[in-house]
Amino acid sequence: MKTTNFSVIINASPKKVWQVLWSDPTYRQWTSAFQVGSYAVSDWKQGSKINFLSPEGNGMYSTINECIPFEKMSFIHLGEIKNFVEQPETPESKKWSGSKEIYTLTKKENQTVLEVSFDSSDEFTAYFESAFPKALEIVQKIAVNPVVIRIITEIESPIEKIWEHWTNPAHIVKWNNASDDWHTTRATNDLTIGVKFLSRMEAKDGSFGFDFEGVYTNIEPQKKIEYKIPDGRKVSVDFIKQEKGYKIVEAFEAEEENPLEIQQGGWQAILDSFRKDVETN
């Protein structure tokens with residue numbers, strides 16, 4: 001076994017780099033340097049199993065040896081997977097079983113130093129020495145720009161009804177929730193560029209609440225809405241006519257605190273609630 005080391009300096013916070021590395025949408029992007037369509041299946045917790053897979057279901061199974069959020073992630077690779085099934089140890093897999101793959105993130109002023117250490121058998125060393133720099137270049141490019149998440153729903157209703165439900169506070173308080181244990185207690189909305197809107201979102205048991213607000217930057221009635229939220233992130237909503245009804249495409253710049261999947265799931269749940277409200281009221 002040979003240990004190879006790689007390093008890259010990224011103009012982003014460790015939280016952002018960590019998000020890019022281990023959130024499913026961006027993980028799939030940078031690991032395409034090894035194989036297009038590759039992905040991982042895991043809960044990403046220390047001690048848990050993780051499967052690294054190709055679209056065909058081939059790859060390897062490993063364990064997460066160490067997980068310190070925003071600082072370190074290490075894997076121990078154990079064996080081979082074929083057609084989504086873990087394989088018994090073979091003389092070939094025995095050569096690399098127990099090998100380690102370690103990612104270390106170090107904050108340096110406004111940058112992050114990402115270091116990677118990877119054990120590989122001699123026959124694969126040249127491959128990884130070629131592929132890893134390409135993968136880290138993709139990580140770098142993603143991390144220095146906002147990650148934009150897009151969610152979509154389709155509604156077979158007239159645009160007049162869709163627009164009314166989206167913009168009228170009397171309707172907003174009925175659909176603006178991601179789950180049944182949350183609700184919007186009040187909303188204000190003035191469709192004017194430069195004017196702030198606000199929705200007060202609270203847990204029904206009173207344990208938590210927050211104001212979701214933004215300032216409109218562009219309004220195209222019944223076609224498009226754009227706004228900025230207080231931390232500077234941008235959001236756009238497009239109402240696109242289809243043969244039957246309309247498709248709504250909402251795009252938002254992700255924050256760095258939570259995995260992209262959680263953010264996408266929460267925003268999608270609210271958009272799905274909107275669709276149900278339009279279709280049933």
Side-chain angles (χ1 to χ4, degrees), residues 1-8 10 14-15 17-106 112-143 258-262 264-265:
M1 298 291 290
K2 178 181 178 181
T3 300
T4 306
N5 298 297
F6 309 91
S7 179
V8 63
I10 302 175
K15 286 185 177 181
V17 175
W18 184 270
Q19 182 187 66
V20 170
L21 286 171
W22 312 125
S23 290
D24 181 67
T26 46
Y27 176 87
R28 291 173 183 256
Q29 292 181 51
W30 69 267
T31 57
S32 66
F34 303 102
Q35 181 174 4
V36 174
S38 62
Y39 64 103
V41 177
S42 180
D43 63 9
W44 297 100
K45 296 178 180 179
Q46 184 167 307
S48 292
K49 179 179 287 187
I50 181 167
N51 291 345
F52 298 97
L53 296 166
S54 71
E56 297 75 28
N58 302 319
M60 59 184 175
Y61 61 94
S62 312
T63 58
I64 299 177
N65 184 51
E66 193 171 8
C67 177
I68 305 174
F70 319 125
E71 294 183 18
K72 188 175 184 180
M73 179 78 81
S74 69
F75 310 107
I76 297 179
H77 302 306
L78 301 176
E80 189 176 8
I81 296 175
K82 290 185 178 179
N83 195 28
F84 301 102
V85 177
E86 294 181 8
Q87 302 298 301
E89 186 178 71
T90 65
E92 188 62 31
S93 65
K94 191 174 181 179
K95 294 179 182 178
W96 53 264
S97 182
S99 63
K100 294 182 178 181
E101 184 177 349
I102 304 171
Y103 296 76
T104 305
L105 288 69
T106 305
T112 299
V113 179
L114 171 59
E115 297 173 287
V116 181
S117 174
F118 191 96
D119 297 336
S120 62
S121 56
D122 293 341
E123 59 187 298
F124 291 109
T125 297
Y127 166 74
F128 286 117
E129 287 181 344
S130 173
F132 247 112
K134 297 175 184 177
L136 296 183
E137 184 179 354
I138 297 173
V139 172
Q140 186 178 46
K141 288 181 179 179
I142 297 172
N258 296 295
L260 302 179
E261 300 93 327
I262 291 177
Q264 182 171 4

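Every heavy atom of this structure was used, including side-chain atoms; hydrogens, water molecules and symmetry mates were not.
- To the nearest 0.5 Å, atoms CG (L21) and CG (L136) are separated by 8.5 Å.
- Applying the salt bridge (charged side-chain N to carboxylate O under 4.0 Å, His left out) rule to K134 yields no partners; only residues at least two apart in sequence or on another chain are considered.
- W18 and P69 get closest at one heavy-atom pair: CZ2-CA, 3.6 Å.
- With rounding to the nearest 0.5 angstrom, the OG atom of S99 is 5.5 Å from the CG atom of D119.
- Between I64 and K45, the closest side-chain pair of non-hydrogen atoms is not below 4.5 Å.
- Side-chain contact check for K49 versus N51: some heavy-atom pair is nearer than 4.5 Å.
- Residues that satisfy the side-chain contact (heavy atoms from CB on, under 4.5 Å) test with N58, not counting sequence neighbours, are S54, E56, K82.
- Contact annotation: the side chain of K2 approaches that of D122 to within less than 4.5 Å [non-hydrogen atoms, C-beta and beyond].
- Residue W44 holds its CH2 atom at 5.5 Å from CE of M73, rounded to the nearest 0.5 Å.
- Of all non-hydrogen atoms in P14 and T112, the two that sit nearest each other are N-OG1, 3.0 Å.
- What you find for I142 and Q29 is that their closest heavy atoms are CD1-OE1, 3.5 Å.
- Looking at L105, V113, L114 one by one, the single match for side-chain contact (heavy atoms from CB on, under 4.5 Å) with I10 turns out to be L114.
- The six-membered or imidazole ring of Y103 lies near that of W22, with a centre-to-centre distance under 6.0 Å.
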Audit row: V139, V8, side chain to side chain contact (heavy atoms under 4.5 Å, CB included) steps and yes/no: CA-CA 9 Å; V139 172; V8 63; over 6 Å; no

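- When all heavy atoms of P133 and F6 are compared, the closest pair comes out as CD-CE2, 4.0 Å.
- A heavy-atom distance below 4.5 Å is not found between the side chains of F75 and T63.
- Side-chain atoms of S23 and T26 include no donor-acceptor pair closer than 3.5 Å.
- Side-chain contact, T31 with S38: a donor N or O sits under 3.5 Å from an acceptor N or O.
- Listed for the E89 side chain is no donor-acceptor partner under 3.5 Å among the backbone atoms of K94.
- Residues S93 and Q87 fail the side-chain proximity criterion, which asks for heavy atoms closer than 4.5 Å.
- Taking 4.5 Å as the limit, every side-chain heavy atom of F52 sits out of range of all side-chain heavy atoms of I81.
- Here the side chains of V17 and F70 are not in contact, with every heavy-atom distance at 4.5 Å or above.
- For the residue pair V20 and A143, the shortest heavy atom distance occurs at CG2-CA, 4.0 Å.
- Listed by first and then second residue, the side chain to side chain donor-acceptor pair (under 3.5 Å) pairs that reach into residues 69-80 are S62-H77, E66-K72, H77-E101, sequence neighbours excluded.
- Heavy atoms only, all atoms of each residue included: S121 and M1 are closest at N-SD, 3.8 Å.
- Under the 4.5 Å side-chain criterion, counting only non-hydrogen atoms from C-beta, T4 is not in contact with F132.
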